[in-house]
There are 2 protein chains.
Amino acid sequence: MRKITINDIAKELGVSASTVSRALRDSYEISTATKKKIMAYAKQANYHPNPHAISLRERKSKTIAVVIPDISNYFFTQALYGIEQVALSNQYHVLVYQTHDQLQTEIEFFNHFQNGRVDGVLVSPANNPDRSFEHIERMSEMIPVVCFDRVEPSLQMPYVTCNDYDSSFKATEQLIKKGCKRIFFIGISDIIPVIKLRLNGYKDALKKHGMPILQEDIVMCDAAQLLAERVRWLLAKPTRPDGLVSAVERYTFTVYDVCNELQLKIPTHLRIISFSNTPYAHLLNPSLSTVVLPAGEVGKSASEILFRKINKKDTKFESSNITLNCVLTFRGSSA
Amino acid sequence: MRKITINDIAKELGVSASTVSRALRDSYEISTATKKKIMAYAKQANYHPNPHAISLRERKSKTIAVVIPDISNYFFTQALYGIEQVALSNQYHVLVYQTHDQLQTEIEFFNHFQNGRVDGVLVSPANNPDRSFEHIERMSEMIPVVCFDRVEPSLQMPYVTCNDYDSSFKATEQLIKKGCKRIFFIGISDIIPVIKLRLNGYKDALKKHGMPILQEDIVMCDAAQLLAERVRWLLAKPTRPDGLVSAVERYTFTVYDVCNELQLKIPTHLRIISFSNTPYAHLLNPSLSTVVLPAGEVGKSASEILFRKINKKDTKFESSNITLNCVLTFRGSSA
DNA sequence: CTGTTAGCGCTTTCAT
DNA sequence: ATGAAAGCGCTAACAG
């Protein structure tokens, strides 16, 4: 089956290409008769317009890019649900890019977005120790860009985030209430703002309750393997911690493994509460106390802001930052 | 920052557009001097070609579509890793589409793929009771299409699948070996070939061991809610089953919930083994016996076949079907 | 109501 | 070694 163009239809029906174009877009200046004839023919010939020609001509791609660290993270898959929903209702397509938390990869992706490949970008930036955001800033001068979750408030663009500080504060307090005397914290890097917020909530809760903040109780790692070693070392100490606030779901599971290995019982020897969006938290052994981010809502809000900007309904970004609330659920791991 | 084109560069440097085009593609017919000048200018001006213009002109989009039922399924996220890897190495972009197992949604997506939006499609088809595959067949007459996991061997296109029959057979035998007297099976629909294969493996294992195949022990549902009801009913019977082979990961968790609700102990009252790709199977309560599909490999193989066809290295599909092997791991839930 | 024409940004003959 | 021109498929003045 060969690809059929507007010119093929025009020739076949003895009219001009512009007539076909207008008819197919249901223009008022075409007679009902020709319109019907053309539409019928197009349908039976299974005509679909060439999207590149349209994009070139119209200067828009009807496509957005979503740049995230990792698609196998439940938070991001759920966020993608929300994004997809909004994109489809705007008749847009979605390109998905995983950075695997590598800045260089992210930069390369952004280079591809220029000159019309996409009309907008949703990004949850990669771990960025150098704090080099030129690629994001440059992009946002050309097309709308909205950050979510991993937001950089210093960047001049809208963002959607959660009450990570408060949630972490409350989570830590819960462990204290349950009797924990020494609580440690795990994350990726305090350079990542959302991790920093969770860390600060943890620290302030300790402070409020007159507990010391130990440097060795703050474990930041960008690889699960390294984290396992650090945690193993920490939990093997005679004066080991008896509580954990985890900012990273998959690291929590690493800690579960280390506890099994060291024969430490959760929650008897270690109470745990974790930021996590897995729907199976309640089925774990023991069931996991969680801080759940409203992932779908985050994706939905972020893309709504994006499309408002793409459709030029909104030009100022100052008012469009949004903060959504997490849900804390206490289960066996912190009992 | 305005978008810069090849003409802008040409004008700025006092050469023609074709010279710029040739220089940027490192053509041998351009002098080293002009080449250098043009490349330097393009770089500092942060020039990137308009992909739609190239796609229109070259008649290819450098983009593939991946159509899957559900992105929050670990099998598919892992498959996407493999796909992404191969796509990037071919300098291709990836459009992701979720059908949510709705045929109509899938058909609409496929309509968008015509006329050059994508150069190829990887698809794991939606549940399709009507068995209407015209949209896939029509597409594969225009561009390369490769199926994976949810394959339809009757379709004239290459596919990558797993040894689902054998794996299911072995899984069932394991339960029998452990002493199960009555084993039930859960899935989405036996219209889906991969589910059918797993069902047949289950049936044949029962047959081999002289166990009856009861119709009420084959539970097919396309919604977790319905499944919960059916399973609740089945497990509340006085003559309830004492074993389960689950073809669907998320349904397995539904069964865990129902067991908790009915105060049935796994594996004491019900032994379970499940097709599942969650990396946290060993952390569940009890730990879950699994049949793990080599998801990354599936994605990688399928996209390699696809790109072989896109790059015209391969025109015949007969030889390119691939079957990969699952890994069975027995844990607490079937002990 | 319909056709002619120009042009979106790029590549590629065909000249020179 | 470089430029002029045509054309990928489509839309939108402009003309009639």
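Protein chains get the first letters and strands the later ones, always in sequence-line order, with residue 1 at the start of each.
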Contact list (N/O, under 3.5 angstrom) for nucleotides 12-16 of chain C vs protein:
residue : atom : partner  : partner atom : Å
dT12(C) : O4'  : Arg57(B) : NH2          : 3.0
dT13(C) : O4   : Arg22(B) : NH1          : 3.3

Q) Between dT4(C), dC8(C), dG3(D), which nucleotide has the shortest distance from any of its atoms to the side chain of Ser16(A)? A) dT4(C)

Q. With sequence neighbours excluded, what pairs up with Asp101(A) under the salt bridge (Lys or Arg N to Asp or Glu O under 4.0 Å) test?
A. Arg150(A)

Q: Sequence neighbours left out, what passes side-chain hydrogen bond (donor to acceptor under 3.5 Å, both in side chains) with Asp26(A)? Give chain and number order.
A: Lys35(A)

Q: Quick one: list whatever passes salt bridge (Lys or Arg N to Asp or Glu O under 4.0 Å) with Glu152(B), sequence neighbours left out.
A: Arg131(B)

Q: Please give the angle, rounded to 10 degrees, between the axes at the start and the end of the helix from dC1(C)-dG16(D) to dT16(C)-dA1(D), where five pairs define each axis.
A: 50°

Q.
Rounded to whole Å, please give me the gap between CD1 in Ile6(B) and P in dA5(D).
A. 18 Å

Q) Looking at residues at least two apart in the chain, or sitting in another chain, which of them share a ring pair (Phe, Tyr, Trp, His ring centres under 6.0 Å) with Phe110(A)? A) Phe113(A), His135(A)

Q. His100(B): what forms a ring pair (Phe, Tyr, Trp, His ring centres under 6.0 Å) with it, not counting sequence neighbours?
A. Tyr81(A)

Q: With sequence neighbours excluded, tell me which residues meet ring pair (Phe, Tyr, Trp, His ring centres under 6.0 Å) with Phe109(A).
A: Tyr97(A)

Q: For the side chain of Thr5(A), starting at C-beta, report the closest nucleotide among dA1(D), dC10(C), dC10(D).
A: dC10(D)

Q) Residues in salt bridge (Lys or Arg N to Asp or Glu O under 4.0 Å) with Arg22(B), at least two apart? A) Glu29(B)

Q: Would you classify Thr34(B) as touching base, sugar-phosphate or nothing, given that sugar-phosphate means primed atoms plus P, OP1 and OP2, and contacts are heavy atoms under 4.0 Å?
A: sugar-phosphate

